[in-house]
Undergrad: 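Please read through the structure below; I'll follow up with questions.
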Protein chains: 2
Amino acid sequence: MVRWEPGARERLQAAALERFGARGFDGTTVAEIAAAAGLTERTFFRHFADKREVLFAGQDEFERLFVAGIEEAETTDPVAIIAVALDGAAAFFPDDRRSWSRMRQVVIDADPGLQERELLKLSGLATTMTGALRRRGFDATAAALAAESGVAVFRVGFATWIAEGEDRPLAAILRAVLAELRSLVCAPRT
Amino acid sequence: MVRWEPGARERLQAAALERFGARGFDGTTVAEIAAAAGLTERTFFRHFADKREVLFAGQDEFERLFVAGIEEAETTDPVAIIAVALDGAAAFFPDDRRSWSRMRQVVIDADPGLQERELLKLSGLATTMTGALRRRGFDATAAALAAESGVAVFRVGFATWIAEGEDRPLAAILRAVLAELRSLVCAPRT
DNA sequence: GACCCCGATGTCAGGAACTGTCATCAGTAC
DNA sequence: GTACTGATGACAGTTCCTGACATCGGGGTC
């Protein structure tokens with residue numbers, strides 16, 4: 001006989017996404033989410049630092065994929081290193097998660113507070129990537145620029161992946177966006 | 001005979017920055033700020049949408065400088081357009097504001113909530129720039145990439161400007177960072 | 001000059017997000 | 001069997017933020 005059902009955290013996440021989708025982020029109280037998961041408000045805040053964070057768990061692993069790509073890339077060309085990192089990160093979003101990612105993104109795009117949190121996560125990712133690049137010998141400015149550019153490519157590519165039908169996998173889109181960045185920056189058009 | 005002292009908004013901003021610097025963002029209540037400005041908490045929220053916003057007023061003009069640069073640039077090379085926009089934006093931060101900017105940045109860097117807000121503002125800037133670039137004929141992806149890259153250059157350059165002594169003006173730093181981005185992306189290093 | 005509206009502020013009540021603290025009690029270790 | 005642990009509940013309290021209504025100097029209208 002268990003005293004509590006296991007998986008409280010997962011239940012909270014599922015209940016939160018469902019409610020946010022139905023009534024919006026602002027229209028949902030933490031107490032409602034907790035009740036839907038059979039828990040109390042206080043317990044929600046033991047699992048998530050604040051109301052927004054319930055949508056952003058598991059970002060650590062995502063960061064690790066980027067860093068692993070940077071560390072294992074067998075080249076010293078920054079663009080090539082970023083390409084490997086993006087390839088690794090794309091593995092985090094297989095095609096069968098596209099629909100789920102879309103739902104989540106709709107919720108985020110509807111609320112400035114959630115957008116702020118997403119941006120903070122991506123900024124943290126850029127900082128982590130900067131550190132990894134510096135360990136590979138880049139100076140501070142170059143590392144920061146490469147990291148920020150990589151994140152920018154990911155942002156643009158991810159938005160495209162979300163918006164598209166079922167055409168291309170994320171990895172292919174990211175490669176195309178990175179190529180477009182290169183041609184944009186390097187091929188002057190008069 | 002005036003019923004209230006004028007400049008309520010400015011008094012609130014000054015009081016807020018002073019208190020945030022002294023006791024931190026979290027350690028300062030809105031009621032304290034308002035009292036220091038001779039006003040009530042309710043009036044604070046009539047001037048600023050939330051507690052953080054008091055540090056981020058006047059961003060509209062900043063955005064306008066970027067957009068004006070994009071619109072008036074007499075070239076179709078995206079990097080050159082971004083360069084003009086960055087030149088315009090640098091005018092917003094003359095050297096005698098460096099010390100003030102530094103104080104403000106210390107406060108922001110000490111609080112994740114304020115960092116979120118700053119990132120949201122920069123993201124809005126990127127969106128605005130993307131629109132201006134699209135009006136100049138770039139397709140959606142190219143415009144977004146150029147805008148994001150421009151903002152990334154600004155971020156890196158601004159941080160350098162804040163961190164440096166009194167060496168170079170912001171405009172010079174931004175030009176150097178943009179050049180470094182170009183060489184980073186375009187000059188493959190084996 | 002009497003009248004009236006406007007706009008910035010004050011006052012008050014209240015909801016929702018968080019936090020600190022202590023109690024509860026199944027499972028586990030010994 | 002006793003003590004400890006760890007997830008949860010209960011509850012009070014602070015702060016952020018909002019809605020509703022009152023106040024009253026200034027400026028316009030007649």
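Note that the coordinates shown come from a computational prediction; the quantities given were computed from them, not determined experimentally. Lettering of chains follows the sequences in order, A, B, ..., and the numbering in each one begins at 1.
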Undergrad: For the side chain of B:R136 and the backbone of B:A73, is there at least one donor-acceptor N/O pair under 3.5 Å apart?
TA: yes
Undergrad: Between D:dC17, C:dG20, D:dG9, which nucleotide has the shortest distance from any of its atoms to the side chain of B:E41?
TA: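 For the B:E41 side chain, the nearest candidate turns out to be D:dC17.
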Undergrad: Within the 4.5 Å heavy-atom criterion, are B:L120 and B:F56 side-chain neighbours or not?
TA: no
Undergrad: Whole angstrom is fine here: how far is it from CZ in B:R3 over to P in D:dC24?
TA: 6 Å
Undergrad: Side chain of B:R42: nearest nucleotide among D:dA20, D:dC16, C:dC18?
TA: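 Of all the options, the side chain of B:R42 is nearest to D:dA20.
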Undergrad: Tell me whether the OP1 or OP2 atom of C:dA8 has a side-chain N or O from B:H47 closer than 4.0 Å.
TA: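 For C:dA8, OP1/OP2 do not have a side-chain N/O of B:H47 under 4.0 Å.
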Undergrad: Would you indicate, yes or no, if C:dT9 has its OP1 or OP2 atom less than 4.0 angstrom from a side-chain nitrogen or oxygen of B:T43?
TA: no
Undergrad: Figure out the CZ/P separation between A:F48 and D:dA7, and round it to whole Å.
TA: 14 Å
Undergrad: Does the A:S123 side chain pair with the main chain of A:L119, one donor and one acceptor, at a distance under 3.5 Å?
TA: no
Undergrad: Within the distance-only criterion (no hydrogens, no angle test), does the side chain of A:R134 pair as donor or acceptor with the backbone N or O of A:A143 below 3.5 angstrom?
TA: no
Undergrad: Hey, which sits more toward the 5' end of DNA chain D by its nearest nucleotide, B:R52 or B:R46?
TA: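 Taking each residue's closest nucleotide, the earlier one in sequence belongs to B:R52.
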Undergrad: For the residue pair B:F158 and B:F154, categorise the inter-ring angle as parallel (less than 30°), tilted (30 to 60°) or perpendicular (more than 60°).
TA: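 Aromatic pair B:F158/B:F154 classed parallel.
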Undergrad: Could you tell me whether a side-chain N or O of B:R98 sits under 3.5 Å from a main-chain N or O of B:F93, the two making a donor and an acceptor?
TA: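 Looks like no, no N/O pair under 3.5 Å.
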Undergrad: Could you state the CZ-C1' distance from B:F45 to C:dA16, rounded to the nearest angstrom?
TA: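 Answer to the nearest Å: 13 Å.
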Undergrad: Could you give the CH2-to-P distance, from B:W4 to C:dG10, as a whole number of Å?
TA: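 Taking atom P of C:dG10 as the reference, CH2 of B:W4 is at 8 Å.
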Undergrad: Round to the nearest Å and state the distance from A:E5 atom CD to C:dG27 atom C1'.
TA: 15 Å
Undergrad: Can you tell me if B:R168 uses its side chain to pair, donor with acceptor, with the backbone of B:W161 under 3.5 Å?
TA: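 Answer holds: no.
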Undergrad: If I take atom CZ in residue B:F44 and atom P in nucleotide D:dT18, what distance separates them, rounded to the nearest angstrom?
TA: 11 Å
Undergrad: Does anything in residues 8-39 of chain A come within less than 4.0 Å of DNA chain D? Heavy atoms only, and list the residues if so.
TA: A:A8, A:G38, A:L39
